[in-house]
Asks: 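Here it is, the structure in full.
Everything numeric in this text was worked out from a predicted model, so none of it was measured. Ligands are counted one by one from 1 in listed order, and the atoms in each one are counted from 1 as well.
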Amino acid sequence: MNLKVIAFDADDTLFINETYFLETEEKFCALMSDYLSHQGLSQELFKVEIANLKLYGYGIKGYILSMIEAAMNISNNTIPIEIIEKIIQYGKELLEKPIVLLDGVQETLQALHGKYKLVVATKGDLLDQRRKLHNSGLGHYFHHIEVMSDKQEIDYTDLIKRLEIQPSEFFMIGNSLKSDVLPVLAIGGYAVHIPFHTTWAHEKIDHTVEHDNFRTLEKLTDVLPFIQL
Ligand SMILES: [Mg+2]
């Protein structure tokens with residue numbers, strides 16, 4: 001490998017994220033339990049969320065609007081304003097969750113820093129991702145933070161062009177096979193998958209991935225021997 005840039009996904013790769021969304025979904029389901037079963041509520045919320053992705057993009061603000069819309073749909077537009085108030089409050093709490101780094105993050109970044117250009121490549125709200133990176137104390141390791149509206153092949157191609165490198169000089173690390181691995185392999189880069197214990201349904205794929213430029217590793221520090229410093 002002749003790598004120049006090592007890119008890290010942020011949510012559930014550098015720090016906890018999906019766990020907080022699941023907690024909020026639990027609170028939403030408890031709040032709305034008079035209307036539907038837990039499963040029915042989860043399904044309706046997911047449906048609205050996915051339908052709104054193309055309008056709102058990824059992130060907490062879009063999620064808040066989707067919870068409100070789902071509550072309106074589920075209640076036939078009879079939802080009390082107190083419930084809307086609660087939903088907004090849950091969303092704001094989600095925006096203020098503490099940043100909890102995952103195992104080996106600091107150690108890995110420290111080992112790679114100065115040897116490669118390190119980049120964050122993440123989806124989500126610009127302001128929220130900046131807040132998380134700032135509060136994580138990891139900002140100084142990174143040359144560049146890219147908040148992407150999506151992680152399709154075209155989005156990675158654009159990023160690589162801006163970084164003025166070849167795809168074969170790009171190495172991506174993340175917890176989503178769909179967003180962090182498959183598009184990067186498709187354009188000729190390298191990718192490592194580090195699974196988080198829970199994955200958002202939208203990021204799941206139903207097949208395994210085999211490729212010379214790809215490994216699944218258990219923890220972030222395992223990338224160090226793989227990259228062969
Ligand atoms: Mg992620």
Asks: When the aromatic ring centroids of Phe214 and Tyr190 are compared, is their separation below 6.0 Å?
Replies: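 So the answer is no for these two rings.
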
Asks: Please give me the protein atoms (N, O or S only) lying under 2.8 Å from the Mg ion (ligand 1), ordered by chain and number.
Replies: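 Correct list: Asp9 OD2, Asp11 O, Asn175 OD1.
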
Asks: Among side-chain atoms of Gln89 and Glu85, is any donor-acceptor pair under 3.5 angstrom?
Replies: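 Their side chains do not contain a donor-acceptor pair, so the 3.5 Å distance test is not met.
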
Asks: Between Lys27 (side chain only) and Lys86 (backbone N and O only), is there a donor and an acceptor less than 3.5 Å apart?
Replies: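 Checking the backbone N and O of Lys86 against the side chain of Lys27, no donor-acceptor pair under 3.5 Å is found.
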
Asks: Hey, mind stepping through Glu210 and Arg215 against salt bridge (Lys or Arg N to Asp or Glu O under 4.0 Å) and telling me if it holds?
Replies: CA-CA 8 Å; Glu210 296 217 15; Arg215 294 284 185 287; over 6 Å; no

Asks: Does any donor atom in the side chain of Glu93 or Tyr20 lie under 3.5 Å from an acceptor atom in the other side chain?
Replies: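 Absent: no donor and acceptor within the cut-off.
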
Asks: Quick one: do the Gln129 and Thr122 side chains pair a donor with an acceptor below 3.5 Å?
Replies: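 Looking only at side-chain atoms, Thr122 and Gln129 do form a donor-acceptor pair, the distance falling under 3.5 Å.
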
